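Comments concern the structure below.
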Amino acid sequence: MKSRLEEGPMCTAAEEKFLCDLVASYEASVGRPFPVGLQQEQHLGSRLMGADIGLLAHDAADDPHFVFANAAAAAAFGYAPDEMIGMPSRYSAAPGADRDARAGLFSRLSRLGFVEGYSGRRVRKDGSTFWIEDATIWNVVDAPGRRIGQAALLPLRDVRTAGR
């Protein structure tokens with residue numbers, strides 16, 4: 001089955017290659033269409049930036065750094081999108097987060113390529129914390145199948161304040 005990205009010219013710009021891989025990886029891993037409408041004649045980055053669901057992605061480095069944060073996700077973390085780019089993704093996780101739960105998450109990601117229903121405490125720019133609920137996290141792979149990052153969809157309607 002071809003992904004929506006293989007059927008049209010939507011992802012022809014070289015600067016959108018990572019985002020094309022991100023969407024294709026979601027569809028291949030999760031087995032359903034990406035939940036942000038992509039059929040419109042708009043650059044993929046612009047369409048994802050304006051989506052009403054949070055979307056974050058980081059690279060595959062040993063100490064991963066964010067390479068994409070849309071406006072909804074960045075606002076939940078108290079940043080402008082460009083402030084998050086290049087920031088180590090570990091800065092977004094609350095200190096003292098349950099290490100066993102995180103280990104289980106990464107184990108499932110390794111086995112399955114994606115995890116749905118993830119919940120966890122995160123940190124805003126001002127140091128306050130909040131909960132994300134029912135997030136989907138997946139490995140981003142390129143055409144040859146190399147893992148080039150990870151991404152997360154955050155249904156931000158469920159964000160709850162967790163206090164400091």
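None of these values were measured; they are calculated from a predicted model.
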With heavy-atom distances below 4.5 Å as the criterion, would you say the side chains of [X] and [Y] are in contact?
{"X": "M87", "Y": "Y79", "answer": "yes"}
{"X": "H58", "Y": "Q150", "answer": "yes"}
{"X": "L19", "Y": "F68", "answer": "yes"}

Heavy-atom closest contact ([X] atom, [Y] atom, distance):
{"X": "F66", "Y": "M84", "result": "CB-O, 3.3 Å"}
{"X": "I132", "Y": "L154", "result": "CD1-CD2, 3.7 Å"}
{"X": "C20", "Y": "L44", "result": "N-CD2, 3.6 Å"}
{"X": "S92", "Y": "R122", "result": "O-CD, 2.8 Å"}
{"X": "A69", "Y": "L56", "result": "CB-CD2, 3.6 Å"}
{"X": "G113", "Y": "S29", "result": "O-OG, 3.9 Å"}

State whether the side chain of [X] and the backbone N or O of [Y] hold a donor-acceptor pair below 3.5 Å, judged by distance alone.
{"X": "D59", "Y": "G149", "result": "no"}
{"X": "D142", "Y": "D21", "result": "no"}
{"X": "E27", "Y": "A24", "result": "no"}
{"X": "R147", "Y": "V140", "result": "no"}

Honestly curious: do V141 and L22 fall in one hydrophobic cluster under the side-chain, below-4.5 Å linking rule?
->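 Looking at the clustering, L22 is in a separate group from V141.
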Under 4.5 Å between side-chain heavy atoms, hopping through other hydrophobics if needed: is there a path connecting Y26 to F18?
-> yes
P35 and side chain to side chain contact (heavy atoms under 4.5 Å, CB included): which partner among L153, L55, T136, V30?
-> L153
Check step by step if ring pair (Phe, Tyr, Trp, His ring centres under 6.0 Å) holds for F130 and F77.
-> CA-CA 9 Å; F130 68 102; F77 284 86; 5.0 Å; yes
Could you give the distance from [atom1] ([X]) to [atom2] ([Y]), rounded to the nearest 0.5 Å?
{"X": "D126", "Y": "R124", "atom1": "CG", "atom2": "CZ", "value": "7.0 Å"}
{"X": "Y118", "Y": "E133", "atom1": "OH", "atom2": "CD", "value": "11.0 Å"}
{"X": "E116", "Y": "I137", "atom1": "CD", "atom2": "CD1", "value": "11.0 Å"}

